[in-house]
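None of these values were measured; they are calculated from a predicted model. The chains referred to below are lettered A, B, ... by the order of the sequence lines, with proteins before strands, and numbering in each begins at 1.
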Amino acid sequence: MQQSFVQPEFRVKIDYDKCHKCGRCVQQCGWGVYDFNERPVPHDEKCRACHRCVTFCPAHCITIEKNTLAFRDNDNWSTDARKAVWKQAETGGVLLTSMGNPKPYERIFDKLLLDACQVTNPSIDPLREPMELRTYLGRKPDNVEIVPDGNGGFKLAEGAGVHHNIKLDTPIIFSPMSYGSVSLNVHRSLAMAAERCGILMNTGEGGLHEDLYPYQDNVIVQVASGRFGVSPEYLQRGAAIEIKIGQGAKPGIGGHLPGEKIDREVSATRMIPQGSDAISPAPHHDIYSIEDLRQLIYALKEASGYKPVGVKIAAVHNVAAIASGIVRAGADYVYLDGFRGGTGAAPAVIRDHIGIPIEIAIAVVDQRLREEGIRNQASIIAAGSIRSSADAAKAIALGADVVAIGTAALLALGCHLCQSCHTGKCSWGITTQKPELTRRIDPEWGAERLTNLVHAWSHELQEILGALGVNAVESLRGSRERLRAVGLDEQTCRILGVKPAGL
Amino acid sequence: MKPASIAPPAGVIEGYRYVAPAVECDGATVRMDAQGVYFQQLNDAVREEIASGAKLIRLSNVNGQRYIGTGLRVSGVKIEVEGTAGNDLAMFSDGIEIEVFGNGQDGVGNTMSSGRIVVHGDAGDVLGYGMRGGSVYIRGDVGYRVGIHMKAFEKLVPVLVCGGKARDFFGEYMAGGMLVLLGINARDDSQPIAGGFLGAGMHGGVIYVRGSVEPWQCGAEVAIATVGEEHMAELRPVIEDYAKAMGMDAEDILSQPFTRIAPMSHRPYAKLYASM
């Protein structure tokens with residue numbers, strides 16, 4: 001075989017003085033880094049720096065270092081750019097990667113700061129006073145009709161109020177990740193956590209495994225272009241239905257779940273043959289226009305007894321007009337996925353160079369829907385990427401109703417962001433279907449960690465709201481006056497509808 | 001309570017009225033007059049009648065109402081449609097039998113799980129998209145993107161037979177099941193039996209075409225072959241069933257040779273990528 005020019009990215013260092021020679025690292029590594037010949041012998045080129053071996057080494061004698069191999073400095077031809085060319089010259093392939101865009105584009109969330117009350121109006125202590133995070137996902141009525149209650153007061157008129165909305169205990173939900181791209185134990189963990197937190201998980205486009213039926217009231221079922229696992233039963237089980245048009249990590253392209261990830265259970269859930277590729281075409285071939293989208297939305301409503309139907313799109317240049325069309329087509333929510341959103345597999349060239357930031361997308365969509373007087377007709381879910389409760393609070397202040405977390409949820413389950421989901425060999429048992437790896441996630445353990453994360457972020461959101469002097473997340477929604485920008489240019493501030501700090 | 005987005009507006013919507021159809025019951029047979037009735041009222045009435053035990057529902061004066069039979073999960077129930085059924089006929093359906101005495105429009109049998117649809121006329125685009133079970137028989141011509149991404153799973157093997165000619169993208173992305181194109185009951189003799197991109201991206205299932213197709217009409221992922229005896233064993237019962245449903249002569253249909261189009265790989269894109 002020809003010698004590859006691409007040198008290992010990492011160096012696996014073992015302190016053999018401390019090493020127990022127990023072979024735990026050999027057993028833990030999903031990438032096959034280690035041979036064992038009286039002691040573990042690492043093959044650096046296979047290492048993904050996922051730290052599974054490091055975490056489980058009883059002697060703490062393993063460390064992973066960057067391969068610091070020097071290249072002649074060249075700001076234009078980065079080491080990664082050189083390696084990519086060599087790789088493609090060797091293989092002729094489209095470079096495939098996973099998880100979100102890692103490139104150093106500007107992170108707008110990190111240039112936005114929230115307000116707080118001082119002196120002139122009191123802040124609120126959420127530990128001792130009520131602080132409402134409850135959020136309703138779905139269409140809100142155009143007006144509120146009230147009638148006298150007979151006791152000198154008023155009550156909602158019969159039939160007035162919200163209908164077909166989903167009550168969320170906190171404005172944080174789990175983003176769509178399909179069974180197939182992640183393991184069934186990940187799906188179980190997400191579903192159990194969603195039920196405990198009073199929120200939603202999302203099947204992604206891989207169908208709903210029957211083990212999740214008990215949690216179906218906390219599940220959004222997704223309909224994507226491949227229509228995998230979509231049956232009337234599937235539509236009738238979900239709490240809401242989501243039409244997936246696009247994904248922030250790969251706007252405008254479809255997906256291929258490789259045949260080797262399609263085992264018996266995945267094939268049964270997707271209702272496709274074992275071992276052949278699951279190909280999701282780039283577009284839905286029954287949606288070539290907003291009118292077609294409306295037709296599908298109402299087909300799904302007809303088939304499900306008028307459940308809420310949302311539409312997920314990638315944040316792209318013309319996102320405001322597209323979102324307006326989606327709302328006018330009858331969607332109950334619009335899910336915006338920013339260009340940093342994660343993926344189980346995407347061509348690097350697409351992931352790293354297409355789309356727009358979620359912060360901009362939220363602001364322009366919220367603004368456009370308000371200007372058109374249709375903001376009440378649909379909720380906005382924002383994702384891609386929400387890294388903390390602070391990002392969530394800023395997204396809500398920019399105009400989102402709810403945020404969705406995918407990467408953060410996987411991090412809670414052990415993901416170390418090694419960007420190798422597409423290999424199907426995840427050592428943490430998350431993005432793999434190999435039974436010896438998937439059993440590493442106990443759903444009960446996973447659900448507890450996810451519940452902890454959502455609860456922790458919810459407490460933090462309450463603290464932020466208290467500092468802002470408001471007692472409900474409703475009062476922060478779209479309240480861009482409570483944001484200030486530091487170091488953003490004037491044009492971006494104008495687009496965001498946010499003043500620079502000091503004004 | 002209906003959601004506000006479809007609350008009854010006064011008067012006419014899209015040429016239809018927001019009224020329940022006139023219903024006549026005769027045992028398990030129900031007649032409904034769909035004249036001018038909005039799709040929602042029509043389909044609500046159909047669902048109600050099925051829930052209360054109807055086995056045969058005859059819809060008369062249908063004129064483009066959408067979603068007839070959409071999302072229905074029943075077996076042993078038949079809907080007969082007189083007129084032109086609207087878009088997404090039997091979409092997401094699982095077990096219903098529908099016979100249309102007229103034309104179908106776009107999306108007939110879209111993402112259908114099982115059941116049987118017979119259309120004694122032409123049908124439009126995206127016929128049988130994502131279909132994974134049951135059978136759809138069309139007497140005449142069909143539009144673009146027919147049988148896209150049809151798939152199969154274990155006992156669920158969808159069959160779609162078109163008696164006339166098809167436009168571009170017939171069987172694109174096809175992952176399972178059987179598509180049959182006869183070219184007999186066509187409106188235009190000067191057209192080729194199929195457009196371009198036939199079976200493009202196909203990675204499962206099989207397409208049978210009565211007569212032949214040229215390589216330029218087909219996608220790069222398929223192989224074109226003549227039909228041998230072993231293949232006639234799977235095609236013959238389908239043609240016989242179709243001929244019976246359409247009142248045609250099966251031997252007549254089978255009197256000409258067929259061409260078989262099948263994918264060269266179940267994983268057409270396996271070598272496209274290089275892992276980072």
B:R167 atom CZ, neighbour heavy-atom count above 12 within 6.0 Å
no
Highest number of heavy-atom pairs under 4.5 Å with chain B among A:A84, A:P258, A:P232 belongs to A:P232
Between A:G259, A:P273, A:S231, A:A348, the one whose heavy-atom pairs under 4.5 Å with chain B are most numerous:
A:G259
Identify which of B:K151, B:R73, B:H149 forms the greatest number of heavy-atom pairs closer than 4.5 Å to chain A.
B:R73
So for A:L95, is it side chain, backbone, both, or neither that comes closer than 4.5 Å to the heavy atoms of chain B?
both
Donor-acceptor pairs are to be reported for all side-chain atoms of residues 88-100 of chain B against protein atoms at under 3.5 Å, with residues two or more places apart or in another chain.
unit_1, atom_1, unit_2, atom_2, d
B:D88, OD1, A:Q295, NE2, 3.2
B:D88, OD2, A:Q295, NE2, 3.1
B:S93, OG, B:A90, O, 2.8
B:D94, OD1, B:S114, OG, 2.7
B:E99, OE1, B:K78, NZ, 2.7
B:E99, OE2, B:H120, NE2, 2.7

When rounded to the nearest 0.5 angstrom, what is the spacing between CD1 in A:I272 and CG in B:L156?
13.0 Å
Counting heavy-atom pairs under 4.5 angstrom with chain B, the leader among A:G138, A:S267, A:P281 is A:P281
Whatever's closer than 4.5 Å to a heavy atom in chain B on A:E233 counts as both
Contact class of A:S420 relative to chain B, heavy atoms under 4.5 angstrom
neither
In this structure, CD of A:E302 is separated from CZ of B:R47 (nearest 0.5 Å) by 4.5 Å
Crowded around B:H231 NE2? As in, over 12 foreign heavy atoms under 6.0 Å?
yes
Which one of B:E154, B:H203, B:M112, B:K271 has the most heavy-atom pairs closer than 4.5 Å to chain A?
B:H203
Can you tell me if CD on A:E145 sees more than 12 non-hydrogen neighbours from other groups inside 6.0 Å?
no
Classify the ring geometry of A:H285 against B:Y173: parallel below 30°, tilted from 30° to 60°, perpendicular beyond 60°.
tilted
Most chain B-contacting option - heavy-atom pairs closer than 4.5 Å, from A:S98, A:S225, A:G305
A:S225
Would you give the length of the straight line joining atom OH of A:Y234 to atom OG1 of B:T111, rounded to the nearest 0.5 angstrom?
11.5 Å
Examine whether an atom of A:S304 lies under 4.5 Å from a heavy atom of chain B, and if so say whether it belongs to the side chain, the backbone or both; otherwise answer neither.
neither
Just wondering, more than 12 heavy atoms not from A:K425 lying within 6.0 Å of its NZ?
no
Please report the interatomic distance CG(B:N110) to CG(A:L296), rounded to the nearest 0.5 Å.
7.5 Å
Tell me, side chain or backbone of A:F228 under 4.5 Å from chain B's heavy atoms, or both, or neither?
both
What distance do B:R267 atom CZ and A:H256 atom NE2 have between them, rounded to the nearest 0.5 Å?
11.0 Å
Between A:T423 and chain B, which part of the residue has a heavy atom less than 4.5 Å away: side chain, backbone, both or neither?
side chain
Sort out for me which of A:A345, A:A268, A:A299, A:G93 touches chain B most, counting heavy-atom pairs under 4.5 Å.
A:A299
Above 12 or not: heavy atoms from other molecules or residues under 6.0 Å from CZ of A:F5?
no
Under 4.5 Å to a heavy atom of chain B? For A:A278 that would be neither
Would one find more than 12 heavy atoms of other residues, nucleotides or ligands at under 6.0 Å from atom CZ of B:F197?
no
Would you give the length of the straight line joining atom CD of B:E172 to atom CD1 of A:I279, rounded to the nearest 0.5 angstrom?
10.5 Å
Segment of A:R270 engaging chain B (4.5 angstrom heavy-atom cut-off):
backbone
Taking C-beta and beyond as the side chain, do B:Y129 and A:H284 meet within less than 4.5 Å on heavy atoms?
yes
Can you tell me which portion of B:S275 sits under 4.5 Å from chain A's heavy atoms? Options are side chain, backbone, both or neither.
both
Tell me which of these, B:G130, B:G107, B:A152, has more heavy-atom pairs under 4.5 Å with chain A than the rest.
B:A152
At a heavy-atom separation under 4.5 Å, does B:L272 approach chain A through its side chain, its backbone, both, or neither?
both
